[in-house]
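Letters go in sequence order (proteins before strands), and every chain restarts at 1.
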Number of protein chains: 2
Amino acid sequence: MPCRKGCGPQWWHGKVKDCGYRITAGREAIIEALSSTHDHLSAEDVYARIHDKYPNVGLTTIYRTLDMLVNLGLVFKFDFGDGKARYELTEGPKGAHHHHHLVCTGCKRVIDYTDFIDDEVELLRRTEKGLSDKYRFRIDNHLIQFYGTCTECLAK
Amino acid sequence: MPCRKGCGPQWWHGKVKDCGYRITAGREAIIEALSSTHDHLSAEDVYARIHDKYPNVGLTTIYRTLDMLVNLGLVFKFDFGDGKARYELTEGPKGAHHHHHLVCTGCKRVIDYTDFIDDEVELLRRTEKGLSDKYRFRIDNHLIQFYGTCTECLAK
DNA sequence: CTTATTTCTGGAAATGATTTCCATTAAACA
DNA sequence: TGTTTAATGGAAATCATTTCCAGAAATAAG
Ligand SMILES: [Mn+2]
Ligand SMILES: [Mn+2]
Ligand SMILES: [Zn+2]
Ligand SMILES: [Zn+2]
């Protein structure tokens, strides 16, 4: 049963509170915006999507919050080469939905893919193990992007 | 035998000329700077390393040239999250020396590694095949980076 | 080699994403 | 409810990168 004031505590509240951060309307709004799409949003994209419902959340807060969420590991920050950073939740209420990217260098379109070959996950695990042993490096995350040309751009 | 005026034509002249670009002192200098290190240089790093020997090569030219080289596929442009783009030759006079990166999110240090490359390359080949078939996407290149914490930062 | 054509160049100014500042607001918690 | 302290937003600053444009240099033509 949801608590009296609107919706109950969210899946991410724990992690944010545990790290000493407060739950605020702006932060709710920003995570809500990221949750409700698979798009790769820039800070201004988030601002635009929030502004109607939360007109008093400023762009500065968005940058600050996204930065915080990246540090907490709740959000991943990407650079697809168009001059602005893009953000994506690393996990949702239902858990992680890790994926990799295909980036078209022609039109800058980005395709998410999660249909890893079985071996892909296995090799990554082995590689991470080998690397962290050899370089005494604790690996938390990885970024894998393939660059090339999408169907539409190939047609031209 | 080198031609009369200084050193002979470089390994990259062909590709540059074939694309209709001219060989200039600035371009020589920039590629020379990139060739002589394994560091991940920013545009200003390149400027700094060139400036003594070529005081009349401006920063604008460096940006322009790096951009051109990226388009030609001679240089790879990276974002390691410190606010400036970093550049690296994709190949040298002796050919490609492909590698991947370990990025420390603490101190921003970047480690090149070529270990496990054989396994990875094999897997990548299969992955790229699968992806390009499924998404009708022509893959030209890939970016693989592992993020985490380096030995020095772990010590703290 | 000389001249003509066209690209390339540097420096100043513009741009635009992100950060910094700081006075004000609002979570958290007793 | 009151106190403490983190969070906020809007304006201004920052700073990597781009844009402009008149002059310089590379290549093509003669
Ligand atoms: Mn994605
Ligand atoms: Mn490298
Ligand atoms: Zn495309
Ligand atoms: Zn480190």
Engineer: Could you tell me the separation between the CG atom of B/Leu59 and the C1' atom of D/dA16, rounded to a whole number of Å?
Structural biologist: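 Answer to the nearest Å: 9 Å.
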Engineer: To the nearest 0.5 Å, what is the distance between CG on B/Asp39 and CG on B/Asp112?
Structural biologist: 9.0 Å
Engineer: Please list residues of residues 16-24 of chain B whose heavy atoms come under 4.0 Å from any atom in DNA chain C, ordered by number; otherwise none.
Structural biologist: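 DNA chain C contact set from residues 16-24 of chain B: B/Tyr21, B/Arg22, B/Thr24.
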Engineer: Is it the case that the side chains of B/Glu88 and B/His99 hold a donor-acceptor pair, with the cut-off being a distance below 3.5 Å and no angle test?
Structural biologist: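 Per modelled atom types, B/His99 and B/Glu88 side chains form a pair under 3.5 Å.
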Engineer: Please classify the nucleic acid contact of A/Arg27 as base, sugar-phosphate, or nothing, using heavy-atom distances under 4.0 Å.
Structural biologist: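 Sugar-phosphate contact only.
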Engineer: When you get a sec, tell me which of D/dT17, C/dA17, D/dT8 is the closest nucleotide to the side chain of B/Ala85?
Structural biologist: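 Shortest atom-to-atom distance from the side chain points to D/dT17.
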Engineer: Specify the separation, in whole Å, of atom CZ of A/Arg86 and atom P of C/dA17.
Structural biologist: 10 Å
Engineer: Please state how far atom CZ in B/Phe78 lies from atom P in D/dA16, giving the value in whole angstrom units.
Structural biologist: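 Checked: the CZ to P distance equals 20 Å.
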Engineer: What's the spacing between A/Trp12 CH2 and A/Leu34 CG if we round to 0.5 Å?
Structural biologist: 11.0 Å
Engineer: With a non-hydrogen cut-off below 4.0 angstrom, is A/Ala25 in contact with a base, only sugar-phosphate, or nothing?
Structural biologist: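 Answer is nothing: A/Ala25 stays at 4.0 Å or more from every strand.
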Engineer: For the pair made of CG in A/Leu66 and P in C/dT19, what is the distance, rounded to whole Å?
Structural biologist: 10 Å
Engineer: Would you find a donor on one side and an acceptor on the other, under 3.5 Å apart, between the side chain of B/Asp45 and the backbone of B/Ser42?
Structural biologist: yes
Engineer: Can you tell me how far P of C/dA17 sits from OH of A/Tyr87, to the nearest Å?
Structural biologist: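 Value for this atom pair: 12 Å.
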Engineer: Heavy-atom nearest nucleotide on DNA chain C for A/Ser42 versus B/Thr60: which residue maps closer to 5'?
Structural biologist: B/Thr60
Engineer: Examine distances only and state if a side-chain atom of A/Arg86 and a backbone atom of A/His40 form a donor-acceptor pair shorter than 3.5 Å.
Structural biologist: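 Yes; judged by distance alone, with no hydrogens or angles, the pair exists.
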Engineer: Considering just the side-chain nitrogens and oxygens of B/Tyr63, establish if one lies under 4.0 Å of OP1 or OP2 belonging to D/dT17.
Structural biologist: yes
Engineer: Apply side-chain contact (heavy atoms from CB on, under 4.5 Å) to B/Phe146 and B/Tyr113, showing your working.
Structural biologist: CA-CA 11 Å; B/Phe146 291 93; B/Tyr113 76 88; 3.1 Å; yes
Engineer: Tell me the interatomic distance from A/Lys84, atom NZ, to C/dT15, atom P, rounded to whole angstroms.
Structural biologist: 16 Å
Engineer: Quickly work out the B/Tyr47 OH to D/dT17 P distance and round it to whole Å.
Structural biologist: 15 Å
Engineer: Taking A/Gly73's backbone N and O only, do any of them form a donor-acceptor pair with A/Thr90's side chain (distance below 3.5 Å, no angle check)?
Structural biologist: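 Answer holds: yes.
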Engineer: How many whole angstroms separate atom CG of A/Asp67 from atom C1' of C/dT18?
Structural biologist: 10 Å
